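Remember, predicted model here, so these are calculated numbers, not experimental data. Chain A is the first sequence line, chain B the second, and so forth, proteins listed ahead of strands; every chain is numbered from 1.
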Protein chains: 2
Amino acid sequence: MRWRSCGQTRLSDCVTGGPMTSNGSASLYLQVARTLQDRIATGAHPIGSLLPTEHMLAEEFGVSRQTVRQAIGHLRGMKLLSARKGVGTRVEANRPQTSYYHTLQSLQDLFQFASDAQYRVTSAEMVSVTGKEAEELGCRPGRRWLRLVGLRELPGPLGADGPLCLTTVMIDGRYADVAATPRVHTRAIFAQIEDRFGVSITEVHQDIEATVVTAEQAALLRVEPGSPALLITRRYFGSGRTLVDLSRNLHPGGRFRYAMTVRREE
Amino acid sequence: MRWRSCGQTRLSDCVTGGPMTSNGSASLYLQVARTLQDRIATGAHPIGSLLPTEHMLAEEFGVSRQTVRQAIGHLRGMKLLSARKGVGTRVEANRPQTSYYHTLQSLQDLFQFASDAQYRVTSAEMVSVTGKEAEELGCRPGRRWLRLVGLRELPGPLGADGPLCLTTVMIDGRYADVAATPRVHTRAIFAQIEDRFGVSITEVHQDIEATVVTAEQAALLRVEPGSPALLITRRYFGSGRTLVDLSRNLHPGGRFRYAMTVRREE
DNA sequence: TAGTGGTCTAGACCACTGT
DNA sequence: CAGTGGTCTAGACCACTAA
């Protein structure tokens, strides 16, 4: 069935005039968009169905096809519609979903310490992962990964309070060259892999839990054994959801806390 | 000075043909966009400067103004350009900044426990905040807030392991009616305030730190004293960055961890 | 092959801005 | 006021999809 395949609709009949919306002077395409949005919201165009063609809508509303396209473009921006060449315009959602975003300028913002922090690697060894560790890395047992262990600390007098965290990194063997031998890193491991191998990190999974430090960890971090700490595990995924590297950061409680702000879209 | 105020530029001279980009068949507006992007990247159009007018660009490239607008719209979507009616098109950025997003369907997703968890309030008292507490709430001393103290727990047998967390909530006195007396809440406090008072939460600040539970807290949470816990503080802001409510959640380490995924835009 | 959305043009008028 | 971007039109051709 075609929706109103004939006959013309005056936009002034359709636009519901809320108290805040001065619809009288709204652009034509916004009036069209609003009308379509109302129809979608009321179920006249169910989710999954195809909208009338742009040509038909143009005829119905008595506007040019370009104006209809602008209206549809507006609703596509709101994820209410999607369009495919040769097919049509599909209804994707009932109403605009108010979602909230946590925006990062770069992945570096996941780290919440100064960008000049240094990662001093004390041990770098190639290992064949087994059992539980292979499972954590999402690979078959026997695959080779580079394991780094070290401390992250601020340079100069700022670092006098002790290390920021104790960090263990597992790097897929393919990218082991970035840190094959122990040294001091001033750039994040994932960033070095991105640059050196042209891999692009598309997704990061971060996991935060509370724990208490063991005697051994306490000595390295220069805190009391049994004191609280945040254990932050990050998994960096490249294209195809393949794990590129995994880092495990143990932050002494007193020296660190994780802050984030979430904003409503728009 | 006007940039190339006269003379025409053939697009085929401008588009740099990377190995992956089949530029030969790219849309005209994408070729224009690419050319402009190159010029911006190379500093021919410095950040903060105005682009030549749409009319001039159309003339220069030998395309219609609509096509230039499409190209500019493309770059505006990438936050490289911004446009103001009556003024012009301004260069905002050097190159596309790859930003990453953490998307939430709703603020409920900040909570990482089952949505049927109950908040059992054991104490609700109106207080006049002073000193440090007033500072935390960003208000003058003497302002009245409602303080709730209680446990969040799962209903039925799922809750047998003990409470999910020990939660203290401070509610701006204006909205105190939503929880004036101790009772069991099945919906988040902020959501009740949103519904009841028409306030809309536009921003949430979340703060995660590690701590160890005191003897008193341990008894309530049914864990060992000195065991690790996550302390999650959330500040809910309404329009104008006014604090609507603040919640402080103490999660026993073993029962809880905070997970989030960040994705590259597009 | 018929019909879709994607692109493109050459015009036109408008609201807004800065002088 | 002149000039800007924002909107709108009536055409046209194209690449793509599904029958």
Can you list every pair that meets side-chain hydrogen bond (donor to acceptor under 3.5 Å, both in side chains) and has a residue in residues 190-200 of chain A, with sequence neighbours left out?
A:R183-A:Q192, A:H185-A:Q192, A:R187-A:D195, A:S200-B:R264
Tell me: [atom1] of [X] to [atom2] of [N], nearest whole Å?
X: A:L50; N: C:dG3; atom1: CG; atom2: P; result: 16 Å
X: A:L51; N: C:dG5; atom1: CG; atom2: C1'; result: 12 Å
X: A:L57; N: C:dG6; atom1: CG; atom2: C1'; result: 16 Å
X: B:H55; N: D:dG6; atom1: NE2; atom2: C1'; result: 16 Å

Under the rule for salt bridge (Lys or Arg N to Asp or Glu O under 4.0 Å), what residues qualify as partners of [X], not counting sequence neighbours?
X: A:D207; value: B:R257
X: B:R234; value: none
X: A:R241; value: A:E203

With B for base contact, S for sugar-phosphate-only contact and - for none (protein heavy atoms under 4.0 Å), nucleotides 10-19 of chain C reads --B--BBBS-
Within less than 4.0 Å of OP1 or OP2 of C:dT9, is there a side-chain N or O belonging to B:T67?
yes
Any side-chain N or O of A:T89 below 4.0 angstrom from OP1/OP2 of C:dT4?
no
Which salt bridge (charged side-chain N to carboxylate O under 4.0 Å, His left out) pairs, counting each pair once, include a residue from residues 47-56 of chain A, with sequence neighbours left out?
A:E54-A:R65, A:E54-A:R69
For A:N249, check side chain to side chain donor-acceptor pair (under 3.5 Å) against everything at least two apart and list the hits.
A:R152, A:T167, A:S247
Counting only side-chain heavy atoms from C-beta out, which of D:dG5, C:dG5, D:dT9 sits nearest to A:L28?
D:dT9
Sequence-distant partners of B:S82, side-chain contact (heavy atoms from CB on, under 4.5 Å), two or more places apart:
B:R90, B:E92
Check each residue of residues 68-81 of chain A for a non-hydrogen atom within less than 4.0 Å of any atom in DNA chain C, then write out the ones that pass by number, or none.
A:R69, A:R76
Determine, for A:R143 against A:E133, whether the closest basic-nitrogen to carboxylate-oxygen distance falls under 4.0 angstrom.
no
